[in-house]
Amino acid sequence: MKNCIFCKILDGQIPSYKIYEDEYVYAFLDINPSTKGHTLVIPKEHVIDIYDMDEETAAKTFQAIPKIASAIKKAFNPIGLNIVNNNQKPHQVVFHYHIHLIPRYEDDSFKISFFNNEPTSEELLDIKEKIIANL
Ligand code: AMP
Ligand code: ZN
């Protein structure tokens, strides 16, 4: 896709710190890493976001992740790993689908905040039904 920065990386028009490549997937270091080893995994096919992705492309993209995650773990011995994928607002800035592998270290500054919205059981049932109705 013209004007896509990640397609330009795939084409070799823009340099990258390549970690892994196969027929379907390319993985490289994020140039603004949140932590040491922060890696992006992208499908070679230009897919905008998760809503633009078919099951086969998803399977092929995710298939590469355990191998890359394990290599990062062996390289740097992080305490954990967050796998993050931003779709549209508020955080997606590159519109070629990518998965962030963010190794975690004691006292790093990366933040993900989980909190309990405290829904009632009726609300949970209603939410469940609405999602199922759209599968
Ligand atoms: P997102 O906010 O999920 O769209 O993340 C896009 C990510 O792409 C950011 O973390 C950027 O640092 C990263 N990024 C942008 N351009 C490049 C590049 N040329 N090489 C490596 N990473 C990049
Ligand atoms: Zn692209």
Side-chain angles (χ1 to χ4, degrees):
M1 168 76 64
K2 225 177 143 198
N3 293 329
C4 169
I5 192 164
F6 288 174
C7 282
K8 286 182 180 168
I9 285 176
L10 290 170
D11 284 352
Q13 294 174 48
I14 293 178
S16 66
Y17 297 93
K18 179 172 103 173
I19 283 179
Y20 174 80
E21 178 174 18
D22 64 27
E23 195 180 341
Y24 307 104
V25 171
Y26 190 89
F28 54 106
L29 293 182
D30 193 305
I31 41 162
N32 306 300
S34 293
T35 65
K36 184 167 68 180
H38 182 168
T39 296
L40 301 176
V41 182
I42 65 172
K44 287 190 170 175
E45 185 185 338
H46 179 86
V47 173
I48 297 167
D49 56 27
I50 196 71
Y51 310 113
D52 188 35
M53 201 167 200
D54 62 34
E55 290 183 5
E56 197 184 342
T57 308
K60 285 170 176 161
T61 305
F62 277 82
Q63 202 167 33
I65 286 180
K67 183 200 294 265
I68 301 165
S70 295
I72 295 169
K73 183 167 165 43
K74 283 184 197 150
F76 301 122
N77 195 29
I79 58 168
L81 175 75
N82 289 138
I83 298 181
V84 177
N85 160 227
N86 297 313
N87 295 280
Q88 305 180 354
K89 291 180 181 175
H91 288 307
Q92 187 175 11
V93 298
V94 175
F95 291 89
H96 180 129
Y97 185 85
H98 53 280
I99 299 162
H100 296 259
L101 305 187
I102 305 175
R104 301 303 306 271
Y105 303 94
E106 294 287 0
D107 302 323
D108 68 32
S109 300
F110 186 69
K111 295 269 177 296
I112 294 182
S113 300
F114 288 98
F115 63 95
N116 184 356
N117 239 333
E118 299 184 10
T120 63
S121 50
E122 289 75 21
E123 285 169 330
L124 286 171
L125 270 174
D126 183 52
I127 290 164
K128 172 186 93 102
E129 292 304 335
K130 286 197 167 108
I131 296 171
I132 288 173
N134 285 285
L135 280 175

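Atoms within a ligand are numbered from 1 in the order they appear, just like the ligands themselves.
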If you measure only the distance, is there a donor-acceptor pair under 3.5 Å linking the side chains of Tyr26 and Ser16?
yes
Could you tell me if Asn116 and Glu118 have a donor-acceptor pair between their side chains, going purely by distance under 3.5 Å?
no
Main chain of [Y], side chain of [X]: is a donor-acceptor contact present, judged purely on distance under 3.5 Å?
{"X": "Glu129", "Y": "Asp126", "answer": "no"}
{"X": "Thr57", "Y": "Met53", "answer": "no"}
{"X": "Asn82", "Y": "Val84", "answer": "no"}

Would [X] count as a polar contact of ligand 1, with the cut-off being nitrogen or oxygen pairs under 3.5 Å?
{"X": "His38", "answer": "no"}
{"X": "Val93", "answer": "yes"}
{"X": "Val94", "answer": "yes"}
{"X": "Gln92", "answer": "no"}

Following the transitive rule for hydrophobic clusters with a side-chain heavy-atom cut-off under 4.5 Å over Ile, Leu, Val, Met, Phe, Trp and Tyr, establish whether Ile83 and Tyr24 coincide in one cluster.
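Same hydrophobic cluster.
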Just jot down the ligand 1 atoms closer than 4.0 angstrom to any heavy atom of [X], in number order.
{"X": "Ile9", "result": "18 (C), 19 (N), 20 (N)"}
{"X": "Asn86", "result": "1 (P), 2 (O), 3 (O)"}
{"X": "Asn32", "result": "11 (C), 12 (O)"}

Atom CD1 in Ile99, atom CD1 in Ile50: separation rounded to 0.5 Å?
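Here the interatomic distance stands at 7.5 Å.
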Region of [X] that comes within reach of ligand 1 [heavy atoms, distance under 4.0 Å]:
{"X": "Asn85", "answer": "neither"}
{"X": "Phe6", "answer": "side chain"}
{"X": "Leu40", "answer": "side chain"}
{"X": "Phe28", "answer": "side chain"}

Can Lys44 and Glu21 be counted as an ion pair, charged N to O under 4.0 angstrom?
yes
For the ring pair Phe6 and Phe28, is the centre-to-centre distance below 6.0 Å?
yes
Looking at His98 versus His100, is the centre-to-centre ring distance below 6.0 Å?
yes
Evaluate the ring planes of Tyr97 and Phe62, with Trp represented by its six-membered ring, and classify them as parallel (under 30°), tilted (30 to 60°) or perpendicular (over 60°).
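Correct class here is tilted.
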[atom] [closest protein heavy-atom partner, distance rounded to 0.1 Å]:
{"atom": "atom 5 (O) of ligand 1", "value": "His98 NE2, 3.1 Å"}
{"atom": "atom 16 (N) of ligand 1", "value": "Ile5 CD1, 3.8 Å"}
{"atom": "atom 7 (C) of ligand 1", "value": "Asp30 OD2, 3.5 Å"}
{"atom": "atom 20 (N) of ligand 1", "value": "Ile31 CG1, 3.5 Å"}
{"atom": "atom 2 (O) of ligand 1", "value": "His91 O, 2.6 Å"}

What is the name of the N/O/S atom in His46 that sits closest to the Zn ion (ligand 2)?
ND1
Does Val84 come within less than 4.0 Å of ligand 1, judged by its heavy atoms?
no
Angle subtended at the Zn ion (ligand 2) by ND1 of His96 and SG of Cys4, nearest 10°
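Approximately 110° at the metal, rounded to tens of degrees.
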Residue Gln13 excluded, over 12 heavy atoms near CD under 6.0 Å:
yes
